[in-house]
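To start, the structure under review is shown below, and the notes come after it.
Here is how names work: the chains are called A, B, and so on, in the same order as the sequence lines, proteins then strands, and each is numbered from 1. Quick note: numbers below take in every heavy atom, side chains included, and nothing from hydrogens, waters or symmetry partners. Values in this document were obtained by computation on a predicted structure and should not be read as measured data.
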Amino acid sequence: MLDIQLLRTNLENVAQRLALRGHAFPVADFNLLEAERKTIQTRTQELQARRNIASKQIGNAKNKGEDVSAILVEVADLGDELKQVETHFEKIQAQLLQLLLGIPNLPHDSVPEGRNEADNREVRRWGAPRTFDFAAKDHVTIGENLGLLDFETAAKLSGARFSLLQGGLARLHRALAQFMLDIHTQEHGYTEAYVPYLVNAESLHGTGQLPKFEEDLFVVPHGEQGNYYLIPTAEVPLTNSVRDQIVALESLPIKLTAHTPCFRSEAGSYGKDTRGLIRQHQFDKVELVQIVHPQHSYAALEQLVGHAEKILQKLALPYRVMVLCAGDMGFSAAKTYDIEVWLPAQNTYREISSCSNCEAFQARRMQARFRNEKGKPELLHTLNGSGLAVGRTLVAILENCQNADGSVSIPEALQPYMGGLDRLAAPDKK
RNA sequence: GGAGAGAUGGCCGAGUGGUCGAAGGCGCUCCCCUGCUAAGGGAGUAUAGGCUCAAAAGGCUUAUCGAGGGUUCGAAUCCCUCUCUCUCCGCCA
């Protein structure tokens, strides 16, 4: 959510910056609503003040045993009018809030202009794509040939966009998550968290998934108490842990990590990445969240990207880092780096991590604050990033580490997590 | 699921219809005394917003005592609903 003060004082500028990311701010609607708000609020407060004064007079008069009927007559009509005006005021406030909740974050000055993926800029590359002396297969073929990846059964169990892993591949998947958590907690200073996978609507409002993107979420009805939502990312529970809180200055930065499944309905992505593990309704991810002092959020973003990169480096998987253009960024982000891993079968780099600084955008929605150097509450800055998407890392390993005989070499860093196993191979067929 | 207790400022805690944005304490900030610490004295110390002001300062003002609704001229206080926490019982991994 943007600062409404900013909209009041600097609307033109805000609209321009939002236009950079392809959002048309409804300037006329806003101005109209604001003007109405102003008159109604003033009127409401006038009436409230009058009521307060009269009530005080009644109290005083009664204490002295004086007759209060004159004042009561004066105040008689006040109640009705006040109620009417208050209701009106609340309605306008709600409309303003609705409007505000639907507006994406402002892009940071360092974010390149552009409309879509094609305008993202490469920041750096690490590692060189391997050259194959045989025809490199894609991860689906590799996994199915090994007998460890089974989409057919998954479809029977659940439907499209689900997967079933078995044996060494399932273990590799688990090993990856363990490995990532260990690196982030032991080398990068994150605190591991185990979080709810079902969250309430407030939490999703806090991080920005609601109210605008409900169709991307899986909803679980929960009787009269409303709905639960399956988390689309651990960013939601981790970041919302500071919702409605004022944290102490000394406790910053708060660095949290969690391994969770993520659930996305992928509405509107029909026909995209239908083959394989790239785009699933359920996938695992190790998430990194930092909650920091506003002065340090951009330094923290660079750090956070580095933490995610570190995983790929240790796995020896080639990647590149992209800075997203204004038009390609997510709703809550002020600046986003994507890390894209090399996938030989697709002969391209594919997103495996997305790291964003949301500045105070989420903090304002969540009322997440800290007590600053002057002792005053101030909004925090929040960051999040994948460190990394487990399923996609699995894909990258299958494809990058495949051998001519159909087996897959296990990156050295993971072997301790695999009981020393150094390759996945098909069982001998007899 | 059943029975009971509770939710007040950074924290503890008083407050059952008006003089309550809220006693008292702790903590914190500033000042004084002492000065090696300790002790002592004084002042200050919620949040969000509106209007005003060129801006800052200031001034005026509104809302907020878990959330929402109701009664009333007036609600932290009375009534209703909900949420959460705690204790006991039941059930369960």
Tell me whether the rings of A/His293 and A/His296 are parallel (<30°), tilted (30 to 60°) or perpendicular (>60°).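 A/His293 and A/His296: tilted rings.
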
Look at [X] and [N] and indicate whether a side-chain polar atom (N or O) is within less than 4.0 Å of OP1 or OP2.
X        : N     : value
A/Asn200 : B/U83 : no
A/Arg50  : B/G74 : no
A/Arg369 : B/G10 : no
A/Lys38  : B/C51 : yes
A/Asn60  : B/U19 : no
A/Lys376 : B/U47 : yes

Shortest non-hydrogen contact from A/Asp119 toward A/Gly114: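 What the structure gives for the nearest pair is OD2-CA, 3.4 Å.
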
Just compare B/G74, B/C51, B/U61 and give me whichever is closest to any side-chain atom of A/Ala49.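 Among the listed nucleotides, the one closest to the side chain of A/Ala49 is B/U61.
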
Would the base of B/G49 count as contacting A/Gln5 through its side chain, where contact means a donor and an acceptor less than 3.5 Å apart?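 When only heavy-atom distances are counted, A/Gln5 does not reach the base of B/G49 through any donor-acceptor pair under 3.5 Å.
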
Presence of donor-acceptor pair under 3.5 Å, side chain of A/Lys62 and base of B/G18: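 Present.
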
For A/Glu266, give me all partners under salt bridge (charged side-chain N to carboxylate O under 4.0 Å, His left out), at least two apart in sequence or on another chain.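 Expected list: A/Arg279.
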
Rounded distance (Å) that lies between atom P of B/C51 and atom CG of A/Leu47: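 The answer, rounded to whole Å, is 17 Å.
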
Should we say atom CZ of A/Arg115 is surrounded by more than 12 heavy atoms from elsewhere, each under 6.0 Å from it?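 No, not enclosed.
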
